[in-house]
Number of protein chains: 2
Amino acid sequence: MDAEAIKRSLEGSGLRCTPQRYAVMAFLMENNSHPTAAEIFEAVNQVDPRSSRATTYNNLRDLVKAGLVREVAVEGRAARFDAKGMRHHHFICDRCGNVEDIEWYDVPRPASGSLDKRILRECEVIFRGLCAKCAPRHASR
Amino acid sequence: MDAEAIKRSLEGSGLRCTPQRYAVMAFLMENNSHPTAAEIFEAVNQVDPRSSRATTYNNLRDLVKAGLVREVAVEGRAARFDAKGMRHHHFICDRCGNVEDIEWYDVPRPASGSLDKRILRECEVIFRGLCAKCAPRHASR
DNA sequence: ATATAACATTAGATATAGTCTAAATTACTT
DNA sequence: AAGTAATTTAGACTATATCTAATGTTATAT
């Protein structure tokens, strides 16, 4: 987690390295837990208590737009974010909504005709089921 | 679009076949356009103007829980729904957020160790890029 | 047929997630 | 050091979805 590396990757994307933006990026790189925006805001505020909710959202949006961070939408819950380090797929728990990494592997593209006039950018796989925490006790919701 | 077939599939899932619930299910089966809850509510209300927003949400939730309908979360936008007829994957447009079907094909599971204590239920592929409508004009957002 | 219990619907209030505004501040460039 | 464009901020606002509790409906048992 080299501070200079983070700074360089922000600047490489044309983003200024502000303390707030740096904090968001650093938190995501040290944390492969796929936090929500609210969780990131809270964590970042424990270090520097002067940062606003709007800024966290702004920065997450900028980072996603710059391709440094990935956003994962989860049905009926807040979106989750992760630093785009090593490529990986995702596992989303049906019960608790947590997002976990699944080792990357290449997925075959569909029959070429199927994508016709669309421009394909990426292709992700989402596995669903119960995470290790939720699996033992199928009970309650 | 056999009315009886819809009735039977609802009852087969232990759901009563109420006019409102039937309308939602029928609309989704006649429509592979992946509408949002708001669009479904509006469409259903044009047929029978007496149905409420809450009921539409309730029924969508019940149908998803029963496994008759699939919910697709889209980053920064309302969720979209489709009847689980033929299996298919999804294409989500980066620009307009529309969801389209991609012909189904089987995706290889990851290395077995990778899923360890989790219980895998399903595995979906999401393609991303620009849809046919948005592709020509990369411009604006 | 009727009672009854379980299920479903409703309007509107509420909750949650995220965006916008406009003024003040800050990081980078020269 | 100064200029300038990007960034931050608080709080209002919007969008999406859920909850509540009263009312209505349907299926089942009698």
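What you see is a predicted model; the values in this text were computed from it and never measured.
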Donor-acceptor contact below 3.5 Å, side chain A/R128 vs main chain B/E122: no
Touch class at under 4.0 angstrom, heavy-atom based, for B/E11 against every strand present: nothing
Of A/S51 and B/N58, the one whose closest DNA chain D nucleotide lies more 5': A/S51
Below 4.0 Å: OP1/OP2 of C/dA17 and any side-chain N or O of A/T36: no
Remaining members of hydrophobic cluster (4.5 Å side-chain criterion), B/V99: A/V72, A/V74, A/I92, A/V99, A/I126, B/V72, B/V74, B/I92, B/I126
Phosphate OP1/OP2 of C/dT26 contacted by A/Q20 side-chain N/O (<4.0 Å): no
D/dA27 phosphate, OP1 or OP2, under 4.0 Å from B/R16 side-chain N/O: no
Pair B/N32, B/H88: side-chain N/O donor-acceptor within cut-off below 3.5 Å: no
Sugar-phosphate, base or nothing in reach of A/N59, heavy atoms under 4.0 Å: sugar-phosphate
Whole-Å distance separating the CZ atom of B/R53 from the P atom of D/dA17: 10 Å
Which donor-acceptor pairs under 3.5 Å do the side chains of residues 6-21 of chain A make with protein atoms, sequence neighbours left out?
| from | atom 1 | to | atom 2 | distance (Å) |
| --- | --- | --- | --- | --- |
| A/S9 | OG | A/I6 | O | 3.0 |
| A/S13 | OG | A/S9 | O | 3.2 |
| A/T18 | OG1 | A/R21 | N | 3.1 |
| A/R21 | NE | A/N59 | OD1 | 2.9 |
| A/R21 | NH1 | A/R16 | O | 2.9 |
| A/R21 | NH2 | A/N59 | OD1 | 3.3 |
| A/R21 | NH2 | A/D62 | OD2 | 3.0 |

Donor-acceptor contact below 3.5 Å, side chain A/E39 vs main chain A/T36: yes
Toward the 5' end of DNA chain D, by each residue's nearest nucleotide, B/P19 or B/A79: B/A79
Nearest to side-chain heavy atoms of A/R61, which nucleotide of C/dT10, C/dC20, C/dA27: C/dC20
Whole-Å gap separating C1' (C/dT9) and OH (B/Y57): 16 Å
Bending between helix ends of the helix from C/dA1-D/dT30 to C/dT30-D/dA1 [5 pairs per end, 10° resolution]: 40°
Along DNA chain C (nearest heavy atom to each residue), the more 5'-positioned of B/G76 and B/S52: B/S52
Charged tip of A/R118 within 45° of B/F91 ring normal and under 6.0 Å: yes
Side chain B/H90, main chain B/V125, donor-acceptor under 3.5 Å: no
Side-chain N or O of A/R77 closer than 4.0 Å to phosphate OP1/OP2 of C/dA17: no
Among D/dT16, D/dT9, C/dT10, the one nearest A/A54 by side-chain distance: D/dT9
Phosphate-side-chain proximity, B/T18 and C/dA8, N/O vs OP1/OP2 below 4.0 Å: no
